[in-house]
Colleague: 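Take a look at this one; I'll ask things after.
Note that the structure is a prediction, hence the values are computed from the model and not measured.
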Amino acid sequence: MCGRLELRQREASMNSACKGGQLVVPRKDCRVGRGVRRSGTHPDRRRAIDMLEQSMTGFGRGLLSLRRVIERVFARLEMTHHVGLIPPHVRGIERVRRWIQAIIILDRHTQAMKR
């Protein structure tokens, strides 16, 4: 799970770890490159910092760049198709999933027609 800087990172990291997830949030610019305190820093938070700043594979940075792409796509969907406004008759996870899939298909078709 990728997060934003505004979240309370310690609480969010512990919550995602309890549910079997990993929160990946970049540090504030003034802290990048500095060491990580061992006391008071959740082990999953230290792992996320290592993934973002010291990983040789670039997985953490790639994950954040994908997050930005996904946010841009959903922002466009919200502007063009009002994805955030799901009609009252669309309830339940399966109906919501199909509704979003249909909107994404329509959006891709619209984008292809513009080219």
Side-chain angles (χ1 to χ4, degrees):
M1 179 169 89
C2 292
R4 295 182 179 181
L5 287 173
E6 296 89 33
L7 294 175
R8 291 185 177 165
Q9 293 175 0
R10 181 176 171 78
E11 293 173 19
S13 180
M14 289 189 328
N15 288 339
S16 64
C18 288
K19 296 178 181 176
Q22 171 72 47
L23 180 66
V24 179
V25 179
R27 291 198 285 181
K28 293 179 181 177
D29 291 336
C30 62
R31 302 279 311 156
V32 173
R34 293 186 182 178
V36 180
R37 292 189 322 248
R38 295 294 174 207
S39 63
T41 305
H42 196 272
D44 288 332
R45 177 68 182 134
R46 289 194 298 263
R47 182 173 178 267
I49 291 170
D50 288 342
M51 275 188 356
L52 290 171
E53 296 177 10
Q54 299 172 357
S55 172
M56 300 303 276
T57 63
F59 174 75
R61 290 182 296 277
L63 184 65
L64 281 181
S65 67
L66 283 177
R67 174 181 174 256
R68 291 181 188 109
V69 169
I70 291 169
E71 283 187 358
R72 280 195 305 268
V73 168
F74 276 102
R76 189 183 70 238
L77 289 174
E78 174 60 34
M79 287 180 2
T80 57
H81 301 289
H82 306 292
V83 174
L85 304 172
I86 296 177
H89 65 275
V90 179
R91 294 290 176 251
I93 190 67
E94 284 304 315
R95 284 185 175 184
V96 171
R97 185 175 290 130
R98 282 183 277 179
W99 178 263
I100 296 296
Q101 286 173 346
I103 288 178
I104 290 172
I105 290 169
L106 288 173
D107 182 63
R108 296 231 176 185
H109 179 70
T110 303
Q111 294 297 320
M113 295 297 287
K114 288 182 180 179
R115 291 179 191 163

Colleague: For the CZ atom on Arg95, are there more than 12 heavy atoms of other groups (residues, nucleotides or ligands in this structure) within a distance under 6.0 Å?
Modeller: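 At most 12 heavy atoms, drawn from other residues, nucleotides or ligands, come within 6.0 Å of this atom.
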Colleague: According to a 4.5 Å side-chain heavy-atom criterion applied to Ile, Leu, Val, Met, Phe, Trp and Tyr, with indirect links allowed, do Phe59 and Leu52 form part of one hydrophobic cluster?
Modeller: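 Yes, same cluster.
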Colleague: Within the structure provided, determine whether Arg61 and Met51 are in side-chain contact (heavy-atom separation under 4.5 Å).
Modeller: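 Arg61 does not reach Met51 side chain to side chain.
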Colleague: Determine whether Arg97 and Glu94 satisfy the following criterion, salt bridge (Lys or Arg N to Asp or Glu O under 4.0 Å), listing intermediate values before the conclusion.
Modeller: CA-CA 5 Å; Arg97 185 175 290 130; Glu94 284 304 315; 2.6 Å; yes
Colleague: Which distance, rounded to the nearest 0.5 Å, do you find between the CD of Gln111 and the CG of Leu106?
Modeller: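 Output value for this atom pair is 12.0 Å.
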Colleague: Membership question, hydrophobic clusters at under 4.5 Å side-chain separation (ILVMFWY): are Val73 and Val96 in the same one?
Modeller: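 Cluster IDs for Val96 and Val73 match.
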Colleague: Look up atom CD1 in Ile103 and atom CD in Glu78, then write down how far apart they are to the nearest 0.5 Å.
Modeller: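 The CD1 atom of Ile103 sits 9.5 Å away from the CD atom of Glu78.
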Colleague: Report the distance from atom CH2 of Trp99 to atom NE2 of His89, rounding to the nearest 0.5 Å.
Modeller: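 Here the interatomic distance stands at 5.0 Å.
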